[in-house]
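Following: one structure in structure tokens, then a few remarks.
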Amino acid sequence: MKKKKIIEYLIVITAGLLFFALLNIMMVVAAPPQWTDTHFGAWTAFHRGFRFSGFDQFTYIIISMWRPLYTHLRHPLLAYMIWPLTEINEYLKDTYKINCAIYVLAAAWTMISTLSWVLMYKILRRIVEMTFMESLLLTLMLYSFAYVMLATFVPDHMILSMTVTLATLYLAGKAWKQNKSPNILWMLLLYFIGTGISTTNAAKLWLIDTAAVWRGRCLWTVLKRGLLYVIPTLLIAWLYFYEERTAVVEENKYQARIAAKAIAKDSVEYQKKKEKGEQRVAARTGKQLVDNPLFEWTDYTIPMVPSLVENIFGEGFQLHRDHLLGDANIAGGRPIIVKYDAWYNYLFEAMILLLLIAGIAAGWRERFMWICLMPFLFDMVIHIGLRFALTDVYIMTAHWAYVIPVATAYLMRKVRQRRTVHKALLLTVSILTIYLLSWNLSLLYSHLFLT
């Protein structure tokens, strides 16, 4: 039995490793020459040369030259988590005389993506109790979604957040299966890491733990456990204020020196660029729900129904051919709402939604289904209710899309005794997965190599 399990996981790990290695190799091969040329400044090479939807190029820049570029209020420790990759790149740069940032990130993201792949598989196989082939198929379905796939090789934090969330779900689900509470030390550690990556992860990871612990216990018992989360929260807050007084001060001085050089070179051109930047910020912040930095990326002017159809449950799963991977945050980059040019795109979108809704209904009485729904519902509240990041909301898909294969797994379990229905459902999921892989990979190839 042990040997069989080892072979099973070797197959799963190898499949994931090959899949993500190929995606990251594709990204590296398509990279323009200036990304590795040390004669180009990192900001010049990546900020001007990287255009991949709304994903940030900051990770490439930080690996190329240490700078705490992420917004500390939203990503308090993220730059410091990337710092070890900077040190590796410095060694490789000295050895090979080229900027190896894209290679370093490709290697790191391949390993982290494979870890997330294994965690998703283990959730389906060990907690939801699906068969080997069903678990592998549903795991592949998750990574066939456009912006889950993209998260595994583009330079941003989404794959990190996704991996931490899946690890938390796995530990919570494992404890639930054993009729125990999740190990609090592991949960606090994952909370610290996840919140350091992105502050919105704090609420989601706490909700997972709370949903796993709440087994008919009194409210006070659950709240007492919740109070323990104050410890990592205060530690992150202290680190945030420490960074603001050290690294951020140094970064501001660095930017001031760069600005002074630009003014000395051409003060008129510098002023024009500065005014354009201020106008973009004013246009964005003028649409905020609340005048606060935490709500900077909220926008109440974006129509909700088209955003749901074309972006949240559209672009997040199937890329649009028009304005392919354009950035909606830059002038002329991409309209916020883009429609599909073929009817069958909406058919496949409807299939994904039906699997989600039917799966939630099938797993309605399952505690683990509710554990998985907690962070998903939180994301829907901030994106749909608060209108957070609606300009390019699809780039957040990796934060919550895991709920679809989990829901589909519960639907498969529900109809397992009805063999004809079960086979039809397996066929439907297989067709959907093959379609999404072929559609999204062909468009990715077109974007990387043919444009």
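Numbers here are sequence positions counted from 1.
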Residues that Tyr445 engages under ring-ring contact (aromatic ring centres under 6.0 Å, His included), provided they are two or more places apart | Phe449
Should Leu437 and Met149 count as side-chain neighbours, where that means a heavy-atom distance under 4.5 Å?
-> yes
Going by an N to O cut-off under 4.0 Å, is there a salt bridge joining Glu129 and Lys177?
-> yes
Are side-chain heavy atoms of Ile197 and Ile193 found at a separation under 4.5 Å?
-> yes
Could you list the donor-acceptor pairs under 3.5 angstrom formed between side-chain atoms of residues 426-433 and any protein atom two or more places apart in sequence or on another chain?
unit_1: Thr428; atom_1: OG1; unit_2: Ala424; atom_2: O; d: 2.8
unit_1: Ser430; atom_1: OG; unit_2: Leu426; atom_2: O; d: 2.8
unit_1: Thr433; atom_1: OG1; unit_2: Val429; atom_2: O; d: 2.8

By side-chain hydrogen bond (donor to acceptor under 3.5 Å, both in side chains), Lys122 pairs with (sequence neighbours left out) Tyr170
Please check if any side-chain donor atom of Asn89 sits under 3.5 Å from a side-chain acceptor atom of Tyr60, or the reverse.
-> no
Between the main-chain N or O of Met304 and the side-chain N or O of Ser307, is there a donor-acceptor pair closer than 3.5 Å?
-> no
Could you tell me the separation between the CE atom of Met130 and the CG atom of Leu138, rounded to the nearest 0.5 Å?
-> 6.0 Å
Are Arg126 and Glu8 within salt-bridge range, i.e. N to O under 4.0 Å?
-> yes
List for me each residue that meets side chain to side chain contact (heavy atoms under 4.5 Å, CB included) alongside Leu171, sequence neighbours excluded, and say none if there are none.
-> Trp186, Met187, Leu190
Determine whether the side chains of Tyr147 and Ser53 contain a donor N or O and an acceptor N or O closer than 3.5 Å.
-> yes
Between Val403 and Leu373, is any pair of side-chain heavy atoms under 4.5 Å apart?
-> yes
Are the side chains of Leu77 and Glu243 in touch, meaning some heavy atoms are under 4.5 Å apart?
-> yes
Using atom types as modelled and distance alone, determine if a side-chain donor or acceptor of Arg367 lies under 3.5 Å from a backbone N or O of Trp214.
-> yes
Kindly state each residue pair satisfying ring pair (Phe, Tyr, Trp, His ring centres under 6.0 Å) with at least one member in residues 402-423, sequence neighbours excluded.
-> none
Taking the side chain as every heavy atom from C-beta outward, state whether Ile63 and Thr59 have any atom pair closer than 4.5 Å.
-> yes
Under 4.5 Å between any side-chain heavy atoms of Met27 and Leu105, yes or no?
-> no
So do the side chains of Val338 and Glu310 get within less than 4.5 Å of each other, counting heavy atoms only?
-> no
Could you walk me through whether Trp439 and Phe348 pass the side chain to side chain contact (heavy atoms under 4.5 Å, CB included) check?
-> CA-CA 11 Å; Trp439 177 270; Phe348 282 105; over 6 Å; no
How about Tyr80 and Trp66: are their ring centres within less than 6.0 Å of each other?
-> yes
Can you say whether the rings of Phe19 and Trp117 are parallel (under 30°), tilted (30 to 60°) or perpendicular (over 60°)?
-> tilted
Passes side chain to side chain contact (heavy atoms under 4.5 Å, CB included), Val128 versus Phe368? Steps please.
-> CA-CA 8 Å; Val128 189; Phe368 187 67; 4.2 Å; yes
For residues 155-167, tabulate all N or O donor-acceptor pairs below 3.5 Å that involve a side-chain atom, not counting sequence neighbours.
unit_1: Asp156; atom_1: OD2; unit_2: Asp56; atom_2: N; d: 2.7
unit_1: Ser161; atom_1: OG; unit_2: Asn201; atom_2: ND2; d: 3.0
unit_1: Thr163; atom_1: OG1; unit_2: Ile159; atom_2: O; d: 2.7
unit_1: Thr165; atom_1: OG1; unit_2: Ser161; atom_2: O; d: 2.8

Between the side chains of Tyr340 and Glu315, is a donor N or O closer than 3.5 angstrom to an acceptor N or O?
-> no
Can you list, pair by pair, the side-chain donor-acceptor contacts under 3.5 Å of residues 230-241, counting residues two or more places apart and other chains?
unit_1: Thr233; atom_1: OG1; unit_2: Tyr191; atom_2: OH; d: 2.7
unit_1: Thr233; atom_1: OG1; unit_2: Tyr229; atom_2: O; d: 2.7

Counting only heavy atoms not in Tyr9, do more than 12 sit closer than 6.0 Å to its OH atom?
-> yes
Would you please name every residue forming a ring-ring contact (aromatic ring centres under 6.0 Å, His included) with Phe52, sequence neighbours left out?
-> Phe50, His447
Results of ring-ring contact (aromatic ring centres under 6.0 Å, His included) for Trp109 - residues two or more places apart only | none
Identify which one of Ile208, Leu189, Leu119 satisfies the side chain to side chain contact (heavy atoms under 4.5 Å, CB included) criterion when paired with Thr168.
-> Ile208
Donor-acceptor contacts, no H, no angles, side chain residues 349-362, under 3.5 Å, sequence neighbours left out:
none

Taking only residues two or more places apart in sequence, or in another chain, which ones meet Asn311 in a side-chain hydrogen bond (donor to acceptor under 3.5 Å, both in side chains)?
-> none
Taking only residues two or more places apart in sequence or in another chain, which ones pass ring-ring contact (aromatic ring centres under 6.0 Å, His included) with Trp343?
-> none
Test Ile404 against Phe145 for side chain to side chain contact (heavy atoms under 4.5 Å, CB included), laying out the working first.
-> CA-CA 10 Å; Ile404 295 172; Phe145 298 156; 4.0 Å; yes
Drop me the distance from Leu443's CG to Leu324's CG, to the nearest 0.5 angstrom.
-> 5.5 Å
Evaluate the criterion side chain to side chain contact (heavy atoms under 4.5 Å, CB included) for residue pair Thr14 and Leu18; output intermediate values, then yes/no.
-> CA-CA 6 Å; Thr14 303; Leu18 286 172; 4.0 Å; yes
What about the rings of Trp400 and Phe313, do their centers lie closer together than 6.0 Å?
-> yes
Is the closest side-chain heavy-atom distance between Leu150 and Leu325 below 4.5 Å?
-> yes
